[in-house]
Novice: 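Quick one: the structure is below, and I'll ask about it shortly.
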Protein chains: 2
Amino acid sequence: MSALSDVARLAEVSKATVSRALSGNGYVSIETRNRVVAAAAAIGYVVSSNASSLVTGHTKNVGVVIPFINRWFFGEVLEGIETALIAAGYDLTLYRLSADDAARRRVFEYFLVRKRVDAVIAVGIELTRTEVDLLRSLGKPIVGIGGAVEGMATLSIDDVAAAELITELLIGLGHTRIMHVGGSQQKQVDFRVHSQRLKGFTQAMRSAGLRYDDESFRPTDISIEGGYTAGLSILADPRSRPSAIVAGADEVAIGIIIAARQLGIQVPAQLSVVGIDGHDLAPMFGLTTLAQHPKSQGTMAVRLLLDELTDLTEPLDRPASNWNTFPVSLEVRQSTTAPPLP
Amino acid sequence: MSALSDVARLAEVSKATVSRALSGNGYVSIETRNRVVAAAAAIGYVVSSNASSLVTGHTKNVGVVIPFINRWFFGEVLEGIETALIAAGYDLTLYRLSADDAARRRVFEYFLVRKRVDAVIAVGIELTRTEVDLLRSLGKPIVGIGGAVEGMATLSIDDVAAAELITELLIGLGHTRIMHVGGSQQKQVDFRVHSQRLKGFTQAMRSAGLRYDDESFRPTDISIEGGYTAGLSILADPRSRPSAIVAGADEVAIGIIIAARQLGIQVPAQLSVVGIDGHDLAPMFGLTTLAQHPKSQGTMAVRLLLDELTDLTEPLDRPASNWNTFPVSLEVRQSTTAPPLP
DNA sequence: CTGCGGTGTGGAACCGGTTCCACAATCATC
DNA sequence: GATGATTGTGGAACCGGTTCCACACCGCAG
């Protein structure tokens, strides 16, 4: 409704002075400023961010591309990002990216390009070289969480090490027949993370000289249902049953525990289960897990981005491909113990 | 980078013609249009939505305020909204609204007002009269999902009827000692829904002439953990144990089932449990529930909003406070049966 | 042949701010 | 007292589109 010129008229100053008074850039005497502020308040004036963006070139808005919303890790990250952005006075525009290629291109070539966002946070998505180049050519900083690609700053835990560590915990307890139930290695949006975890698992097994074959890995959906279904099928036959399972994510681990309980298999007496992530439900299920902290990953991503946005004096010719590894913490609970005697 | 005037120069026409050719408003000969489109493609031109919004007054952007992200119902709704908005060429700006009053005011008085959003969807939030008026005075349509207030269009299931129905199912099976474990009645962002469900429960109990007292309702967090904790405490004492529980949400019901299993209480032989929502995990736990379809509620909200946005010839003087009740479906599974013989 | 409605196009104003530049006043410095 | 730096303010250009208006051309009815 009310525009800057209305404020100017009311305060009896020029538009330029109003702009300076309200934005805090440039010289304005204290009395003038007060008069302007009062006038603005009187008519309920709020800057039009459109008009402002048009001339300044930045929008105070960050685009977030994310493949899932209703999955624990992603929801947590999103929450962390949202909180941090709002606190910094930024808006968050959300784009859920499915595996659908057409939709994905649309987001990149239509939505993200229209000078609407200052920067992009990509969560759990492996961006293509082209996508990154497109964004960079527009001068938009990108930071990734989880999946990544060279040419952009990335935050994530070291998934290989995480899986390795949690597997070693089982090995250390004396387990030898260990299975990995994790994310499908098919091309998926969040493919990378789970192939890394699989890699960590196999490395640990190989280092310990334990048998590892096709049967040792079972792909599944990353969800409680996925783990449950896989669990039922794996645990059905007592002879082929492993003594321990490394789940690719806590949801999967929880599903497996539920399946085990249902089949009357004691956890951990007959079956040890470990997960990765530090899911909210882990304590409730007594799940031993390697916890990460997705919320603070979100916060940190925002901080990185804002730094880059304000440091934009030197126009992003910097290394740019720095990989920040996030800390994890081992949370040992009641789902792990030494293997049953044969 | 490239602006409309660049396209104009390349295609050897005026800016006005480029605008018409690309937006499809006004007369442009087919040859000219082709030339313009080709020129635009050649230099990778994309309209600046800022500039465009500045003059047209609308932004093709919808603000969504929502209290939780990582809770099933809210995540689903958000997904539905996102999909529908993107499909319609709209952006979605996300504001998570905590109970924190200051933050809430900030969102309303600062973020939502800056001519950045064309409309607002409020999910599970009881907006105050002031908030609604503020938005309406700016000519921004609002639609609510779940919590609502007069003066705005709202979508939700009939929570009273839902709770009543599912309670009656238990009563019909012969249960008489029924408890309700549900959302706290303290002032919370999504308070309304759960007070409605409690009301439906009490109504059903009263209608059936069953005893209902303070002990019959147990407030809890709406989460699996919340249900689990409440479940452990309720089910601990065999003498005071109810024969059936109506959970205020499926998460809670699932938590209760897990608690029951852990205590060695057979569901449904010794304890029937029902929920409301139709959570993804309900089938896995054999949970009998009254299912709603949050994703399509999101979609529907978007449709309503877009209708209002395009019909804006008559500037929203219409009834405006229409309450659309959403369909639910009863999904009977294995968590319910007749009460055990005394 | 004149007049009129439908097409097609360009010029220019405008949306609502920000910022460069010019100018004035004040104050400290030499 | 002249010089120059600091502070305060207004005018005007500009960001990148959209749209009103004027004008030209066309075909067709009277």
Side-chain angles (χ1 to χ4, degrees), chain A residues 1-37 39-40 43-61 89 110 113-118 138-139 312, chain B residues 1-37 39-40 43-61 89 91 110 113-118 138-139 312-313:
Chain A
M1 295 275 82
S2 55
L4 179 127
S5 54
D6 301 328
V7 180
R9 198 172 319 119
L10 189 56
E12 299 181 300
V13 292
S14 69
K15 285 170 56 185
T17 301
V18 174
S19 176
R20 280 186 294 248
L22 262 28
S23 69
N25 303 27
Y27 297 113
V28 180
S29 74
I30 185 71
E31 307 95 61
T32 311
R33 162 167 293 123
N34 289 340
R35 224 170 52 246
V36 169
V37 169
I43 61 177
Y45 168 79
V46 181
V47 292
S48 152
S49 39
N50 276 320
S52 162
S53 300
L54 184 55
V55 36
T56 62
H58 42 248
T59 61
K60 288 272 196 175
N61 185 22
Y110 175 61
V113 169
R114 297 171 306 164
K115 302 179 163 296
R116 272 238 171 145
V117 298
D118 287 342
L138 268 66
L312 229 64
Chain B
M1 295 276 82
S2 54
L4 179 124
S5 54
D6 300 329
V7 181
R9 198 173 318 121
L10 189 55
E12 299 180 303
V13 291
S14 68
K15 284 169 58 184
T17 301
V18 174
S19 176
R20 280 187 294 248
L22 260 29
S23 69
N25 303 28
Y27 297 113
V28 180
S29 75
I30 183 73
E31 308 94 60
T32 312
R33 162 166 294 123
N34 290 340
R35 226 172 49 248
V36 169
V37 169
I43 60 176
Y45 168 78
V46 181
V47 292
S48 152
S49 38
N50 276 320
S52 160
S53 300
L54 183 55
V55 37
T56 62
H58 40 249
T59 60
K60 289 269 195 177
N61 185 22
D91 278 345
Y110 175 62
V113 169
R114 299 171 305 164
K115 302 180 163 298
R116 273 240 170 143
V117 299
D118 288 342
L138 270 64
L312 229 63
T313 38

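Letters go in sequence order (proteins before strands), and every chain restarts at 1.
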Novice: Is B:Asp91 salt-bridged to A:Arg114, going by a charged N under 4.0 Å from an acidic O?
Specialist: yes
Novice: Which nucleotide, C:dG17, C:dT19, D:dT19, lies nearest any side-chain atom of B:Asn25?
Specialist: D:dT19
Novice: C:dT18 P sits how many Å from A:His58 NE2, rounded?
Specialist: 10 Å
Novice: Indicate whether OP1 or OP2 belonging to D:dG17 is found under 4.0 Å from a side-chain N or O atom of B:Tyr45.
Specialist: yes
Novice: Taking N and O atoms by type only, does the side chain of B:Arg20 place a donor or acceptor under 3.5 Å from a partner on the base of C:dG10?
Specialist: yes
Novice: Have A:Ser29 and A:Thr32 got a donor and an acceptor in their side chains that come within less than 3.5 Å?
Specialist: yes
Novice: With sugar-phosphate meaning primed atoms plus P, OP1 and OP2, does A:Thr32 contact a base, only sugar-phosphate, or nothing at under 4.0 Å between heavy atoms?
Specialist: sugar-phosphate
Novice: Taking A:Thr56 for the side chain and A:Ser52 for the main chain, is one N or O donor matched with an acceptor at less than 3.5 Å?
Specialist: yes
Novice: Mind calculating the distance between CZ (B:Arg114) and C1' (C:dG16) to the nearest angstrom?
Specialist: 15 Å
Novice: Taking OP1 and OP2 of C:dG10, is either one under 4.0 Å from a side-chain nitrogen or oxygen of B:Ser14?
Specialist: yes
Novice: Of the options D:dC15, C:dG8, C:dG10, whose atoms approach the side-chain atoms of A:Leu54 most closely?
Specialist: D:dC15
Novice: What's the closest nucleotide to the side chain of B:Ser52 if the choices are C:dG10, D:dT18, C:dT7?
Specialist: D:dT18
Novice: May I have the distance from B:Lys115 (atom NZ) to C:dC15 (atom P), rounded to whole angstrom?
Specialist: 12 Å
Novice: Roughly how many Å is it from CG in B:Leu4 to P in D:dG17, rounded to a whole number?
Specialist: 5 Å
Novice: In whole Å, what is the span from the CZ atom of A:Arg9 to the P atom of D:dG11?
Specialist: 14 Å
Novice: Whole angstrom is fine here: how far is it from CG in B:Asn50 over to C1' in D:dC14?
Specialist: 15 Å
Novice: Report which part of the nucleic acid B:Ala16 touches: base, sugar-phosphate, or nothing (heavy-atom distance under 4.0 Å, all strands).
Specialist: base
Novice: Would you say D:dG17 has OP1 or OP2 under 4.0 Å from some side-chain N or O of B:Ser5?
Specialist: no
Novice: Among the candidates D:dG17, D:dC15, D:dT9, find the nucleotide nearest to the side-chain atoms of B:Val47.
Specialist: D:dG17
Novice: May I ask you to say what A:Val13 touches in the nucleic acid, namely base, sugar-phosphate or nothing, with a heavy-atom cut-off under 4.0 Å?
Specialist: sugar-phosphate
Novice: Just how far, in rounded Å, is C1' of D:dG16 from CG of B:Leu22?
Specialist: 13 Å
Novice: Kindly compute the distance separating CG (A:Asn50) from CG (B:Leu54), expressed to the nearest 0.5 Å.
Specialist: 6.0 Å
Novice: Checking all strands, does B:Ser19 fall into the base, sugar-phosphate, or nothing category for heavy-atom contacts under 4.0 angstrom?
Specialist: base
Novice: Nearest to the side chain of B:Tyr27, which nucleotide is it out of D:dT7, D:dG16, C:dG8?
Specialist: C:dG8
Novice: Less than 4.0 angstrom between a side-chain N/O of A:Thr17 and OP1 or OP2 of D:dG10, yes or no?
Specialist: yes
Novice: Tell me if a side-chain donor or acceptor on B:Asp6 pairs with a main-chain N or O of B:Ala3 at a distance below 3.5 Å.
Specialist: yes
Novice: More 5' along DNA chain D: A:Ile30 or B:Val46, using each one's nearest nucleotide?
Specialist: A:Ile30
Novice: Between C1' on C:dC15 and CG on A:Asp6, what's the gap in Å once rounded to a whole number?
Specialist: 13 Å
Novice: Between A:Thr56 and B:Lys15, name the one whose nearest nucleotide on DNA chain C is closer to the 5' end.
Specialist: B:Lys15
Novice: If you look at every heavy atom in B:Lys15 and B:Ser5, which pair is closest and at what distance?
Specialist: CG-CA, 4.2 Å
